[in-house]
Amino acid sequence: MFRKIHFRLADKRFLSEVNEALGPIWNGCLTECRSLMVHHPRKLFAVMVSSIVISLLVLAKDVFVVKEKNGSSRVLDSVSVSDLSGDGLYKGLQGISATAEKMRENVLLSKQIDTLLAKDHLSPQDSLWLLQALKTLER
């Protein structure tokens, strides 16, 4: 069904015309690349390895440069041991679990609000609870 909707006859004609026009250029580029790989494999391998090393160096530089709030940047000398300790990991996991708990409470509140709004008539207690729940969800 997807093909019937998205690939009409005009699209096929357009693609075949583009292939006709650019096919020789594309084939020539592929031939040149194959020739380069066959005749100069060591040089090509050296270029590949050096580009990988350069990209890793750039990545390492970006990892150890910290951008501060005022827009300036500073270089980290080393990673402190306290950042790698179990205490930091515990605080991180505790923050994640607190966020998950808040999300569970929000989902529960929204379900209760939906059940109250589905009623035809609300009692005064329901109205007060609904207002408090909506204020809690706004926070």
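Because only heavy atoms are used, hydrogens play no part in the values below, and waters and symmetry mates are left out as well, while side chains stay in.
- If you chain together hydrophobic residues whose side chains sit under 4.5 Å apart, Val47 and Met37 never meet in one group.
- Other residues sharing a hydrophobic cluster with Leu36 under the 4.5 Å side-chain heavy-atom criterion for ILVMFWY residues do not exist; the residue is a singleton.
- Note that OG1 of Thr99 is 10.5 Å distant from CD of Gln94, once rounded to the nearest 0.5 Å.
- Atom-to-atom distance recorded for Asn106:CG and Thr136:OG1 is 9.0 Å, nearest 0.5 angstrom.
- Atom-to-atom distance recorded for Leu130:CG and Leu109:CG is 10.5 Å, nearest 0.5 angstrom.
- In terms of heavy atoms, Leu134 sits closest to Ile113 at CD2-CD1, 3.8 Å.
- Here the side chains of Leu22 and Ile25 are in contact, with some heavy-atom distance below 4.5 Å.
- By the salt bridge (Lys or Arg N to Asp or Glu O under 4.0 Å) test, Glu101 is found to be paired with Arg104, residues two or more places apart in sequence or in another chain being considered.
- When atom types are taken as modelled, the side chain of Ser35 and the backbone of Thr31 share no donor-acceptor pair closer than 3.5 angstrom.
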Give the intermediate values and the outcome of side chain to side chain donor-acceptor pair (under 3.5 Å) for residues Ser123 and Asp126. CA-CA 5 Å; Ser123 67; Asp126 289 339; 3.2 Å; yes
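- Taken to the nearest 0.5 Å, the NZ atom of Lys102 stands 10.5 Å off from the OG atom of Ser97.
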